[in-house]
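Only one structure is covered here, and it is reproduced in the block below.
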2 protein chains.
Amino acid sequence: MGQELPITSYALLGLLTFGDELTGYELKRRADATLRFYWVSPAMSQVYSELARLTELGLVARVGEDPGAGRGARYGITETGRKELRTWMSTTPAGFAVLKHPVALRLLLGHVVDPATTKGMLRDHLVALDEERAALDEVRKSLEGADGPGEAFRYPSLVADWGLDYFANERRMIEELLRRLEEQT
Amino acid sequence: MGQELPITSYALLGLLTFGDELTGYELKRRADATLRFYWVSPAMSQVYSELARLTELGLVARVGEDPGAGRGARYGITETGRKELRTWMSTTPAGFAVLKHPVALRLLLGHVVDPATTKGMLRDHLVALDEERAALDEVRKSLEGADGPGEAFRYPSLVADWGLDYFANERRMIEELLRRLEEQT
DNA sequence: ACAGCCATGTAACTCGTTACATGATTAC
DNA sequence: GTAATCATGTAACGAGTTACATGGCTGT
């Protein structure tokens, strides 16, 4: 226990706790679909190397047909993996969020360019924001029906609601910033 | 132009556009004070290596006394640097924010541990959130007096207001999540 | 027949971190 | 005098990326 794995490893391990076994490819798709809103979705190549490491550590095991090459092999979390994940979650502090927000960074440096550039950037951001919100909205909808207390997607739906609230608030704030920037000129 | 520098380099370069010249140490402190809310604040050692690279590229220049060893040398942005930063900001798309939120990740995996653990984590997060907000509040206050349109700290104060709004909203949402988790037991 | 997706991996590389080393100046 | 802060760097390392290589399967 306590192999000091990076958080991304635990994240991938955690994606295998929803009752099914996945190929590396499918795990990547699941990460792209849900994890990417709260964590970085690792590159395809990293998914495979993480799976190799987790297998090595016995936290994950390949299941099903194993015809030599290992094409189409599925991976599932082991009892050891489940225990390790539980220990990590309940004994190590979560730590604070790290944000890399290029729009905020550029707004901070707004005095370097002309105001129209900054306003254009904020408007572009509104579009991007709407696209992301729409994608998360799809995810949220797909969880309906199993999102009640005690049901399978209870926690994923709580996080999705949090994410949707975040997007809504950011949209509101960007619009206010645009209004404030319009005031002068 | 277009040396394809990482965003962090532009961020540090940007911190040198506020009318003063800084030592590496001071630059790190400025990054810790303001940049860290919207971007990662690089490690001390990286600040020095970035300054070396930016100097090499002529985007930054050491000014003042240069007594051999270079102790206490200050760096300032050059005309070339200013131009490069402006070009970067007005011609390359900002890109979407990347969030690494350990609390959201753990909430997503809430079914792995018992509810009390998750609730405890959220309550701890409220405390951390308040500390961060207080720190940003200090920053915001220090900008007062030069935060009007056309003034020196106009843009930094806009970003700070955005950050404060973000913290307020997150606090509200975590409280709602706690309420929702309480509803069951 | 060809495009597009499913599927797995290696190699080279950059970013960024921690640990370590060193020493000057300032405050108490 | 000694602790804290100012100040600068090197070295080793790990996380994570992009580019590249390879090939099967499916639909049209």
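The sequence lines fix the lettering, A, B, ..., with proteins before strands; numbering per chain opens at 1.
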Nearest whole Å is fine: how far is C:dC6 P from A:Arg74 CZ? 12 Å

Please report the shortest heavy-atom distance between A:Glu21 and A:Gly76, naming the atom on each side. CG-CA, 3.6 Å

Among residues 17-25 of chain A, which residues get a heavy atom nearer than 4.0 Å to DNA chain C? A:Thr23, A:Gly24, A:Tyr25

List in chain and number order the residues that pass side-chain hydrogen bond (donor to acceptor under 3.5 Å, both in side chains) with A:Arg30, two or more places apart in sequence or in another chain; answer none if no residue qualifies. A:Asp20

ring-ring contact (aromatic ring centres under 6.0 Å, His included): pairs with one or both residues in residues 130-155 of chain A, sequence neighbours excluded: none

Any residue meeting side-chain hydrogen bond (donor to acceptor under 3.5 Å, both in side chains) with A:Arg172, in chain and number order, not counting sequence neighbours: A:Asn169, B:Asp165

Rounded distance in Å - CG (B:Leu51) to P (D:dT8): 9 Å

Terminal axes of the helix from C:dA1-D:dT28 to C:dC28-D:dG1 (5 end pairs apiece), angle rounded to 10 degrees, sit apart by 30°

Which residues pass the side-chain contact (heavy atoms from CB on, under 4.5 Å) test with B:Arg36, sequence neighbours left out? B:Ser41, B:Glu132, B:Ala135

Which pairs with one or both residues in residues 86-99 of chain B pass salt bridge (Lys or Arg N to Asp or Glu O under 4.0 Å), sequence neighbours excluded? none

Partners passing side-chain contact (heavy atoms from CB on, under 4.5 Å) against A:Asp124 (at least two apart in sequence or in another chain): none

From CD1 of A:Ile7 over to P of D:dA15, roughly how many Å is that when rounded to an integer? 12 Å

Does B:Arg29 have a side-chain nitrogen or oxygen under 4.0 Å from the phosphate oxygens OP1 or OP2 of D:dT5? no

Can you pull out every salt bridge (Lys or Arg N to Asp or Glu O under 4.0 Å) where at least one residue sits in residues 39-48 of chain B? Sequence neighbours excluded, please. none

Under 3.5 Å, which N/O atoms of the protein pair with N/O atoms of nucleotides 14-17 of chain C?
residue: C:dG16; atom: OP1; partner: B:Thr8; partner atom: OG1; Å: 3.1
residue: C:dG16; atom: OP2; partner: B:Thr8; partner atom: OG1; Å: 3.4
residue: C:dG16; atom: OP2; partner: B:Gln46; partner atom: NE2; Å: 3.0
residue: C:dT17; atom: OP2; partner: B:Ala43; partner atom: N; Å: 2.7
residue: C:dT17; atom: OP2; partner: B:Gln46; partner atom: OE1; Å: 3.1

Going by ring-ring contact (aromatic ring centres under 6.0 Å, His included), name the pairs with one or both residues in residues 101-140 of chain B, residues two or more places apart or in two chains. A:Phe18-B:His111, A:Phe96-B:His125, A:Trp162-B:His101, B:His101-B:His125

Got a sec, which residues hit salt bridge (Lys or Arg N to Asp or Glu O under 4.0 Å) with B:Arg140, two or more places apart in sequence or on another chain? B:Asp147, B:Asp161

